[in-house]
Amino acid sequence: MKKSAADIWEDLKGQVDFLSEAGAGFVLRPDGNGDRGAPASDGPRPEAAAGASTLPSLAGLPAQTAAERKELEEIDQRILVCKLCPLHRLRTRAVPGEGDRSAELMFIGEGPGRDEDAQGRPFVGRAGQLLRKIIAAMKFREDEVYITNMVKCRPPDNRVPHREEEEACSPYLIRQIELIRPKVIVLLGKTPTDWFLPSRQGMTSRRGHFGDHRGIPVMPTFHPSYLIRNEGNREIKRMVWDDMQKVMALLGRK
């Protein structure tokens with residue numbers, strides 16, 4: 001269904017509001033200082049995720065086949081009826097993920113919240129609305145990226161997933177990555193960052209620096225819900241936008 005002019009205007013206004021709050025006027029100005037405070041080297045670093053060093057690289061593989069695309073659909077169906085961990089007992093709907101199943105850009109969050117559990121879609125609450133504004137500001141359509149989570153069922157009271165829950169769900173996510181083969185993965189928040197790029201450092205130190213998962217650059221950044229909890233902090237928004245600018249540059253979208 002085509003959007004009305006009013007709907008298109010609201011979408012554009014949301015994107016402009018986010019960019020303004022993120023200080024994009026400063027980031028994009030042509031004085032060469034848009035990356036102030038960035039480390040000397042911002043390219044992908046050879047830091048393998050836990051356990052990934054024993055698995056083959058996903059870089060340079062041929063294009064996705066019809067059989068692989070069908071397998072992604074089958075994974076969705078298995079997730080919807082999955083009972084591998086106790087989270088299935090309280091869910092309304094499992095949330096496999098959504099978007100382009102051959103996307104060059106993938107976003108991985110923590111787990112579904114209340115709205116996601118009700119609708120069976122990832123990132124549809126307040127944090128999701130903000131993420132979708134960020135995606136639009138990055139010059140991507142929603143149907144050009146793939147959005148999913150570490151765990152596919154909502155943890156009680158939106159708590160952080162337990163390690164055993166992540167381990168039970170991880171084969172789904174690992175296979176999704178293998179089949180989609182994105183060019184870049186964005187890790188939203190501490191939970192996916194700890195899984196893919198384990199470190200004792202906090203998110204403030206880790207965000208903004210590319211890591212590596214089986215030949216795929218991964219960018220850790222703050223979760224949209226963290227931005228919402230710190231709504232008045234423009235510096236945090238600027239940092240997230242800086243991170244996304246690096247992703248855009250790597251994908252040739254800047």
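For the numbers below, each heavy atom of this structure counts, side chains included, while hydrogens, waters and symmetry mates do not.
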Quick test of your reading of the model: are [X] and [Y] salt-bridged, counting only N-O distances below 4.0 Å?
X	Y	value
Asp242	Lys246	no
Asp194	Arg206	yes
Asp143	Arg141	yes

Distance from [X] atom [atom1] to [Y] atom [atom2], nearest 0.5 Å?
X	Y	atom1	atom2	answer
Lys183	Leu250	NZ	CG	9.5 Å
Lys152	Ile79	NZ	CD1	5.0 Å
Asp243	Met219	CG	CE	5.0 Å
Ser57	Ile216	OG	CD1	8.0 Å
Asn158	Glu110	CG	CD	8.5 Å
Arg163	Ser170	CZ	OG	8.5 Å

*Neighbour count >12 (heavy atoms, 6.0 Å) for atom CZ, Arg175*: yes
_Surrounding CZ of Arg114 (heavy atoms of other residues, nucleotides or ligands, distance under 6.0 Å), is the total greater than 12?_
no
Do [X] and [Y] belong together in a cluster built from hydrophobic side chains that touch within less than 4.5 Å?
X	Y	value
Val95	Leu80	no
Ile75	Leu84	yes
Met244	Leu105	yes
Val160	Ile228	no
Val151	Met106	no

_I'd like to know whether Arg69 forms a side chain to side chain contact (heavy atoms under 4.5 Å, CB included) with Ser102, so could you lay out the CA-CA distance, the side-chain angles of the two residues, the decisive distance to 0.1 Å, and finally the verdict._
CA-CA 8 Å; Arg69 190 170 186 85; Ser102 58; 4.3 Å; yes
Measure across [X] and [Y] and return the closest heavy-atom pair with its distance rounded to 0.1 Å.
X	Y	value
Pro155	Pro112	CD-O, 3.8 Å
Leu87	Cys153	CD1-O, 3.7 Å
Pro220	Thr193	CB-OG1, 3.5 Å
Ala137	Trp241	O-CH2, 3.3 Å
Ala59	Gly215	CB-O, 3.9 Å

Are the side chain of [X] and the backbone N or O of [Y] linked by a donor-acceptor pair below 3.5 Å?
X	Y	answer
His223	Ser225	yes
Arg154	Gly111	no
Arg101	Lys70	no
Lys237	Glu231	yes
Asn233	Ile236	yes
Glu116	Gly113	yes

*Test Phe107 against every option in Asn149, Ile134, Val145 by the side chain to side chain contact (heavy atoms under 4.5 Å, CB included) rule and name the one that passes.*
Val145
A side-chain contact here means heavy atoms from C-beta on lying under 4.5 Å apart; do [X] and [Y] qualify?
X	Y	answer
Leu130	Phe123	no
Met203	Tyr226	no
Thr148	Tyr172	no
Thr221	Leu188	yes
Trp195	Ile108	no
Gln176	Leu72	yes
Ile174	Arg214	yes
Pro122	Glu98	yes

_As a quick check of understanding, evaluate side chain to side chain contact (heavy atoms under 4.5 Å, CB included) for Val124 and Arg132, giving each step before the final call._
CA-CA 9 Å; Val124 291; Arg132 291 166 195 272; 4.2 Å; yes
*Honestly, is Arg253 close enough over Phe140, meaning NZ or CZ under 6.0 Å from the six-membered ring centre and within 45° of the axis?*
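Yes, Arg253 and Phe140 form such a contact.
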